[in-house]
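Notes follow the structure.
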Amino acid sequence: MGKGQRATQAYKSTEFIEQVRDDEGLVVGGSPFKQAPMNSSSLLQDAGLPTKKASSLSATPEAKVVEKASAKPQSELEAVPSLILVTTYLSFLMLIVFAHLRDFFGKLFYPSNYVQLRVQNGLAPMVSDFESLWTRRLYGRIRDCFNRPITGVAGGHVNLLDRVSKDFNSTFEFTGRVRNVLNLASYNYLGFAQSEGPCADKVEAAISAHGLTQTSTRAEAGRSVLLTETEDMVARFVGSEAALIVSMGYATNALNIPALVSRGCLIISDELNHSSLVSGARLSGATIRVFKHNYAPDLEKVLRRSISQGQPRTHRPWKKILVVVEGLYSMEGEFCHLPEILALRRRYGFYLFVDEAHSVGALGPRGRGICDHFGVDPREVDVLMGTFTKSFGAAGGYIAGSKALIDYLRLHSHSAVYAEAMSVPVLAQVSSSMRMIMGEDREHALEGQQRLDQLAINSRYFARRLAEMGFMTLGHPGSPVIPLLLFSPAKIPAFSRECLKRNIAVVVVSYPATPIITGRVRFCISASHTREDLDYALEQISEIGDLLLLKFHQGKEEEMKKIE
């Protein structure tokens, strides 16, 4: 019997541990640096909040905001003081100029350090001088802010391995110390990243019954009963006829889009789509056009022009037109305007591909994703894609749609024909967490819904408090991803290092992942965060904001009250 099983039996009489909550609905109690609860039965509690009221927190207000926002494209730079924008551009210009100067004098006085950038033995260098400048001179200086090694489970808190560099981040050495930090950097939206509890017990039982892996592609000997059952469950969960599971989230897009479209087809992509969608579109050989981020009128403009002109040179009709969007844009914290896009789909007859990597399990009153959030029939979307690496605490992804589509992909997609089948432990984690969200796990029937409600409460509370403090944040209310703009390149590593001093783990993002002037820190909120966790983080972030002069809008509180 596993530890999680013993814990479950110990609390079987009450099913859930009592949790004290405040008026906001957030869990109260405990130190901000304790480990995340190991038994998921003790993680959340209803605390007297009606289910309908809690569910509405994750649907109705956000939908109203999205409807207002969809009238015209919103730019986060409109309200930014011009001085901030000018100094940001000048800062990057100075960095680039000094980088070139260092390279110029370095090649004169330290030529041995630049051998890899010169022609050697008649062979061209693998990496060009100019293309590697950003990595060597800018990213290298702040490399300590990225790829920080951890140990253990990345739950509400995570154990971070301390490291130091004596050569300006060229190499690192471990100090041997382990630091427990508040985790605002992981996509653990529903708190299923746990090494103990009901999901861990299901994984242990599945390994005993099925082993670890089928050591084969699913097209040969990798199709198991567990895989088939999980695919059927995914299809029921998202509301489609069938689903295909892929062992890698990135490959779910990169390898399946080329099976859907080819030369002579047209892909119309949101300009801020994830790189996996971009890779899949480029591999397909189809013509690619982009439209303004999350702006349906510009999508219609591109559609009308593309349909009227047809293919380049020949002007023949397109074989297919595939519009590709995301349910929740993880860098912006914004929901796609799905109802408007579906209205265009009915009018122009294109195929729609929705990437729900961040929205499935995190949005909607039932956690079914962006379709659930807007109350849209998921069968109106031709292709639904999602991953298990966020809300489900697992790995891999899925493609869901009609049975004819999925049967076609099983035979033609490289992810099904050549890639390995998903391993048994991952399948067990996916099925157990999904059954809990769906309420099909009798012993923990209410816990999945409680996690969804708690995530919605935590996300809205954290975003509102940041705005009240005067920070400039992006995204729609209720998004579990909350970006906070930093702008200046010097403030990006400074914010990360100041957070680490205060035992908070965050992710900072800059160019080329974002536009050059919109560097940001991206907070990822989880259902496993308590009120003490969030309040501690907000207090420390406020101090850092005062230190780095990041509070641009002192009058934001009244605006947030209007949104509420």
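Just so you know, these numbers use all the heavy atoms, side chains as well, and skip hydrogens, waters and symmetry mates.
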Using a 3.5 Å distance criterion without hydrogens, assess whether the side chain of [X] forms a donor-acceptor pair with backbone atoms of [Y].
X      : Y      : answer
Asp270 : Asn294 : yes
Glu241 : Gly401 : no
Ser496 : Pro493 : no
Ser479 : His476 : no
Ser459 : Ala456 : no
Arg520 : Val509 : no
Arg223 : Ala219 : no
Ser526 : Asn188 : yes
Ser208 : Glu204 : yes
Ser165 : Thr171 : yes

Determine whether [X] and [Y] make a side-chain contact, defined as any pair of heavy atoms from C-beta on separated by less than 4.5 Å.
X      : Y      : result
Leu352 : Leu342 : yes
Val507 : Val521 : no
Phe495 : Ile541 : yes
Gln540 : Ile504 : yes
Ile257 : Leu277 : yes
Val426 : Val203 : no
Arg497 : Ile142 : yes

Who passes salt bridge (charged side-chain N to carboxylate O under 4.0 Å, His left out) against [X], sequence neighbours left out?
X      : answer
Arg368 : none
Glu220 : none
Arg410 : Glu231, Asp407

To the closest 0.5 Å, what do you measure between [atom1] ([X]) and [atom2] ([Y])?
X      : Y      : atom1 : atom2 : value
Cys336 : Glu326 : SG    : CD    : 9.0 Å
Asn273 : Ser279 : CG    : OG    : 11.5 Å
Tyr408 : Ser402 : OH    : OG    : 12.5 Å
Gln214 : Ser423 : CD    : OG    : 8.5 Å
Phe388 : Met422 : CZ    : CE    : 5.5 Å
Cys371 : Arg379 : SG    : CZ    : 12.0 Å

Which heavy atom of [X] sits nearest a heavy atom of [Y], and at what distance?
X      : Y      : value
Thr252 : Tyr398 : CG2-O, 3.5 Å
Ser528 : Asp533 : O-OD2, 4.1 Å
Phe146 : Val508 : CE2-O, 3.2 Å
Pro480 : Leu328 : CD-CD2, 3.9 Å
Gly367 : Phe237 : O-CZ, 3.4 Å
Val360 : Ser391 : O-OG, 3.1 Å

- Query: Is the number of heavy atoms from other residues, nucleotides or ligands under 6.0 Å of His414 NE2 greater than 12?
  - Reply: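 It does not: His414 NE2 has 12 such atoms or fewer within range.
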- Message: More than 12 heavy atoms of other residues, nucleotides or ligands under 6.0 Å from CZ of Arg282: yes or no?
- Response: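 Not more than 12 within 6.0 Å, no.
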Is it true that the side chains of [X] and [Y] contain a donor and an acceptor less than 3.5 Å apart?
X      : Y      : value
His529 : Gln454 : no
Thr151 : Asn159 : no
Asn180 : His157 : no
Tyr329 : His274 : no
Thr215 : Thr213 : no

- Task: For Leu227 and Ile245, run side chain to side chain contact (heavy atoms under 4.5 Å, CB included): C-alpha distance rounded to whole Å, both residues' side-chain angles, the deciding distance at 0.1 Å, then the answer.
- Result: CA-CA 8 Å; Leu227 177 60; Ile245 286 180; 4.1 Å; yes
Of all residues at least two apart in sequence or in a different chain, which pass the side chain to side chain donor-acceptor pair (under 3.5 Å) check with [X]?
X      : result
Asn183 : Ser186
Asp232 : none
Thr175 : none

Charged N to carboxylate O below 4.0 Å: is that the case for [X] and [Y]?
X      : Y      : result
Lys390 : Glu356 : no
Arg218 : Glu420 : no
Asp144 : Arg163 : no

- Query: Given the rule in the side-chain hydrogen bond (donor to acceptor under 3.5 Å, both in side chains) test, do His293 and Glu334 qualify, once you have shown the distances and angles that lead to the verdict?
  - Reply: CA-CA 10 Å; His293 170 59; Glu334 296 178 355; 2.6 Å; yes
- Going through the checks in order, is the side chain to side chain contact (heavy atoms under 4.5 Å, CB included) test met by Leu500 and Leu160? CA-CA 10 Å; Leu500 185 59; Leu160 190 68; 3.3 Å; yes
- Message: Could you walk me through whether Asp535 and Tyr461 satisfy the side-chain hydrogen bond (donor to acceptor under 3.5 Å, both in side chains) test, starting with their C-alpha distance in whole Å, then the side-chain angles of each, then the deciding distance to 0.1 Å, before giving a yes or no?
- Response: CA-CA 10 Å; Asp535 282 345; Tyr461 173 77; 2.5 Å; yes
- Task: Please test Phe353 against Asn253 for side chain to side chain contact (heavy atoms under 4.5 Å, CB included), starting from the C-alpha separation and ending with a verdict.
- Result: CA-CA 10 Å; Phe353 186 110; Asn253 283 331; 3.3 Å; yes
- Item | Arg451 to Phe192 six-membered ring, cation-pi geometry met (6.0 Å, 45°) |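 Arg451 over Phe192 ring: yes.
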- Query: Are Tyr187 and Thr389 close enough, and set up right, to give a side chain to side chain contact (heavy atoms under 4.5 Å, CB included), and what steps lead you there?
  - Reply: CA-CA 8 Å; Tyr187 302 133; Thr389 57; 5.6 Å; no
- Could you walk me through whether Arg465 and Glu539 pass salt bridge (charged side-chain N to carboxylate O under 4.0 Å, His left out), step by step? CA-CA 10 Å; Arg465 287 292 308 278; Glu539 178 185 354; over 6 Å; no
